[in-house]
Protein chains: 4
Amino acid sequence: MSRSAFASLRDEVLAANLRIPAAGLATLTWGNVSGVDREAGVFVIKPSGVPYDRLRAEHLVVVALDDGRVVEGELRPSTDTETHRSLYRAFPSIGGVTHTHSPHAVAFAQARRPIPVLGTTHADTFDGPVPVTEPLSAEQCAADYEFNTGQVIVELLEGDDERARTVPAALVAHHGPFTWGADADGSLEHAVICEAVAEMALHTLSLGAARPPQHLLDRHFTRKHGAGAYYGNPGAV
Amino acid sequence: MSRSAFASLRDEVLAANLRIPAAGLATLTWGNVSGVDREAGVFVIKPSGVPYDRLRAEHLVVVALDDGRVVEGELRPSTDTETHRSLYRAFPSIGGVTHTHSPHAVAFAQARRPIPVLGTTHADTFDGPVPVTEPLSAEQCAADYEFNTGQVIVELLEGDDERARTVPAALVAHHGPFTWGADADGSLEHAVICEAVAEMALHTLSLGAARPPQHLLDRHFTRKHGAGAYYGNPGAV
Amino acid sequence: MSRSAFASLRDEVLAANLRIPAAGLATLTWGNVSGVDREAGVFVIKPSGVPYDRLRAEHLVVVALDDGRVVEGELRPSTDTETHRSLYRAFPSIGGVTHTHSPHAVAFAQARRPIPVLGTTHADTFDGPVPVTEPLSAEQCAADYEFNTGQVIVELLEGDDERARTVPAALVAHHGPFTWGADADGSLEHAVICEAVAEMALHTLSLGAARPPQHLLDRHFTRKHGAGAYYGNPGAV
Amino acid sequence: MSRSAFASLRDEVLAANLRIPAAGLATLTWGNVSGVDREAGVFVIKPSGVPYDRLRAEHLVVVALDDGRVVEGELRPSTDTETHRSLYRAFPSIGGVTHTHSPHAVAFAQARRPIPVLGTTHADTFDGPVPVTEPLSAEQCAADYEFNTGQVIVELLEGDDERARTVPAALVAHHGPFTWGADADGSLEHAVICEAVAEMALHTLSLGAARPPQHLLDRHFTRKHGAGAYYGNPGAV
């Protein structure tokens, strides 16, 4: 393959995909990460069915944002590609998207329950519950199913980019979590956090959950996000 | 050992057996995979009691489909060999069989509850619940116990090869999961998926399960299986 | 250190101790295995507080069966040494003893519930529930506490060596599992199995346990134990 | 960087921080350990947001006990630094502090339930339940939030150093566990134990917890702590 115009984005997206198994979120080849280049109007995504331990940057597929055609790549893009495309189109702030079938987040999706805000681990990243969509209708399943899987998330958030930024995750009913972020790696980190808070919530609910005060949650979200953020920034290493 | 006539099948079956511990499905030496050569009328299976980290292709045992005699190999075949043989004889589409004691699938087997279809992770592979057999009768335990362990699965599916293809897994009551597939590796992947969906189902049931719409499940199964399948095929790498 | 008269037993006991972290049963330095030489009237046990990754055969301590004095070794023997000694003295068939704080078995011990027989994974090794002792009395705690920790197991089994052979494990109330076997490694394997069946039982109870037929359980136990045993013997490798 | 006056403490604190991922307690960069030099009036703590696998001793930050200013280091100290400082100031016996978001301990914190004493694993280290604070008030969140996170622990223990020594852990409501010890490594070990006993307690509660007799718990705590302690001391290796 000649040198891609998107070599740097390919490298970023590859690294983020390889964090899926490293973080213990993967079963088989389930799970994929993409990253977008909005100026070029494309995003780079994992190919379908390739095991993580054989995945290389040249396997990644470059897809056009406007119509989903493959711009670069010899393999088929992930089956979930159209879902990613739907999210990129609806939410301009999104730079990367991750989809996994991590077990605790899937459990909430299958129970059609939002992941509730029960503590600061959740509030550090998500300014509210991780919401769950309605199940796709028969019509939404019949045609453009994967694109419509993104659309039910768009509908859930009423297409509001601000909501997508303050809670960068959603559960598709009976399916599983989709997360997003400023770039591919950011979306992957949100997938890790989504699974972690889902596991904590499941255990907490079995003990009998208590309701945290809103001022505590606000404090945690705002110390990481917005103008006054001061959390987790190492300066430089 | 002189070069086996079944060297290639031995290699495939070895690789699939080694995926049992790699996928976290094994306790001690529990779990075994076999693969069949229908033209030659034999299948290759893990020997009994050999740890995975010492297992080599030459340890595998070649067993006759018709009467279960050992055709090649110096070790005793897995105690579960007759169960595998029963499944191969009843279902012509089966090319490989896996048995594990993975904990969440065993929990459903011990509770004598099918693994219910609660979402797309399940529906991608299994076109319906993973069913559970009746317990073996005193007579079925008294003689040919291991062969009868396969027979209760055959009875459960009414010997229907089509059912075996659409739900390539069953739970033997109070025992555990048996899965099958087009070849040894395919049966192993179904064992991995069976455990994953059992874990997800257990968590979902603790949250209060919701019923997914059938059109969603059908969409997922048919996009991976049958004439219109398009999921998970990488083209070539 | 000059060559020990018990070098071979030290090697066996070392290998069995190193299987504790390898099997995922260890937190910190919790867990210890010993093995006995009945002719010499001694057993070899892990020293107290040494991390597994620094443990060497020469660290192990040789202890007299009759009075518990240290026969060889410069380190203190495990705090649980007197519990092991109590079991060796009461049950002549025991060649090795393992104690862990594996979490699911501990949960049953803390709930003072036996691990029930819910399927063949359990029945392959344990011919009945893994029983739980009474809590130690104030008198049993006040003096010779560790020896008495063994004695409550002896009392639970009414000192019956046959019962110790058919169910080679017990839970000490509010403490955790002790297992034993023909040698150090056999006792370790029973600890692994005890934790595995405890985890499966916990999941099964959350689904609503069904009662397995006794003829199935008997079949599994007898195919591995007694005159007609045929399970898990590889012949030779 | 020129040779630090605190090189030895930096090494200790680095080693303890690296045990967080090794013990399976870390998600992303969540979790930090510090160690104090009371003569010098400083403590050494992990910087904010640096992944464990890139962490080196020179990244650690030296912070003044009296006012929290950075004495050495080019990176920002952990966001939790002020919480550590609060604990060091209130409890003179503390030599190290650890904070994690380990999932089972967080579940108890989110449910605002103490981790109950259900057995000897707990009683070996904690002479009573691991208590949970009140949620921080709006005022405590509005200013000096991180310092106040320590203060609610100080209030919970009524500033009693003896209580801090006998139960070296507390749960901050809706947040998670803080543990401490004689030094950095001791505090980390208490974090490992806190998570282990939380997991065991969660499982035990699902089985129906039984109440252990106090004389058993006392026996375990006193054999490891105080004048008559004899547990877990290897002598020398």
Side-chain angles (χ1 to χ4, degrees), chain A residues 15 19 22-25 102-104 115-125 181 185-186 188-224 228-237, chain D residues 24 26-30 46-51 53-56 58-59 61 73-80 100-113 115 132 134-143 145-146 148-149 171-176 198-199 201-203 205-206:
Chain A
R19 287 186 71 185
L25 297 188
S102 65
H104 297 89
I115 306 174
V117 191
L118 298 173
T120 65
T121 320
H122 188 116
D124 277 332
T125 301
D185 197 60
L188 181 280
E189 291 220 348
H190 292 158
V192 173
I193 296 168
C194 185
E195 175 63 8
V197 299
E199 181 187 354
M200 289 171 182
L202 195 80
H203 295 325
T204 306
L205 292 169
S206 85
L207 291 168
R211 188 182 186 78
Q214 191 60 40
H215 57 256
L216 176 66
L217 307 176
D218 290 345
R219 177 74 202 195
H220 270 261
F221 189 74
T222 56
R223 72 177 190 166
K224 284 194 72 172
Y230 59 93
Y231 177 96
N233 180 352
V237 176
Chain D
T27 299
L28 301 173
T29 60
W30 305 344
K46 182 173 174 288
S48 185
V50 178
D53 57 7
R54 291 169 49 203
L55 193 62
R56 296 203 305 271
E58 70 210 53
H59 295 149
V61 186
E74 295 175 23
L75 300 177
R76 290 171 56 132
S78 164
T79 310
D80 300 306
T100 79
H101 284 236
S102 66
H104 297 88
V106 165
F108 279 89
Q110 292 191 155
R112 292 211 327 245
R113 290 178 62 168
I115 307 173
V132 59
E134 290 297 304
L136 276 75
S137 67
E139 291 69 32
Q140 287 171 316
C141 282
Y145 168 65
E146 287 81 11
N148 288 334
T149 298
L171 306 175
V172 173
H174 301 295
H175 189 152
E199 181 189 353
L202 195 80
H203 295 325
L205 291 170
S206 85

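Per chain, numbering begins at 1; letters A, B, ... match sequence-line order. Reckoned from all heavy atoms, side chains included, excluding hydrogens, waters and symmetry mates.
Considering every non-hydrogen atom in both A:L207 and D:R113, the closest pair reads O-NH1, 2.8 Å. A:A210 approaches D:A111 most closely through the heavy-atom pair CB-O, 3.9 Å. The two atoms that bring D:A107 and A:M200 nearest to each other are CB-O, 4.1 Å, heavy atoms only.
Here D:E146 is the residue among D:R112, D:Q140, D:E146 with the most heavy-atom pairs under 4.5 Å with chain A. For the set D:S78, D:S137, D:P77, the entry with the most heavy-atom pairs within less than 4.5 Å of chain A is D:S137.
For a residue to count as touching a neighbouring chain, one of its non-hydrogen atoms must lie under 4.5 Å from one of that chain's; by this rule D:A142 touches chain A with the backbone only. Proximity to chain D involves both the backbone and the side chain of A:T121, based on heavy atoms less than 4.5 angstrom apart. Looking at A:R211, the atoms closer than 4.5 Å to chain D (heavy atoms on both sides) all sit in the backbone: N, CA, C or O. Proximity to chain D (any heavy atom under 4.5 Å) is shown, for A:E195, by neither the backbone nor the side chain. Only the side chain of A:H220 comes within contact range of chain D, with at least one heavy atom under 4.5 Å from a heavy atom of that chain.
Taking the side chain as every heavy atom from C-beta outward, A:I193 and D:T27 never approach each other to under 4.5 Å. Looking only at side-chain heavy atoms (C-beta outward), A:R223 and D:T79 come within less than 4.5 Å of each other.
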Evaluation steps, side-chain contact (heavy atoms from CB on, under 4.5 Å), between D:H174 and A:L217: CA-CA 9 Å; D:H174 301 295; A:L217 307 176; 5.9 Å; no
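Remark: side-chain polar atoms of A:R219 are not paired, donor with acceptor, to backbone N or O of D:Y145 under 3.5 angstrom. Looking at A:H215, its side chain does come within 3.5 Å of a backbone N or O of D:L136 through a donor-acceptor pair.
More than 12 heavy atoms of other residues, nucleotides or ligands lie within 6.0 Å of CD in A:Q214, so this atom counts as buried by the packing criterion.
Contacts of D:H203 classified as ring-ring contact (aromatic ring centres under 6.0 Å, His included), with partners at least two apart in sequence or in another chain: C:H104. Every ring-ring contact (aromatic ring centres under 6.0 Å, His included) that A:F221 has, sequence neighbours left out, goes to A:H225.
Here the OG1 atom belonging to A:T204 is positioned 4.0 Å from the CD atom belonging to D:Q110, to the nearest 0.5 angstrom.
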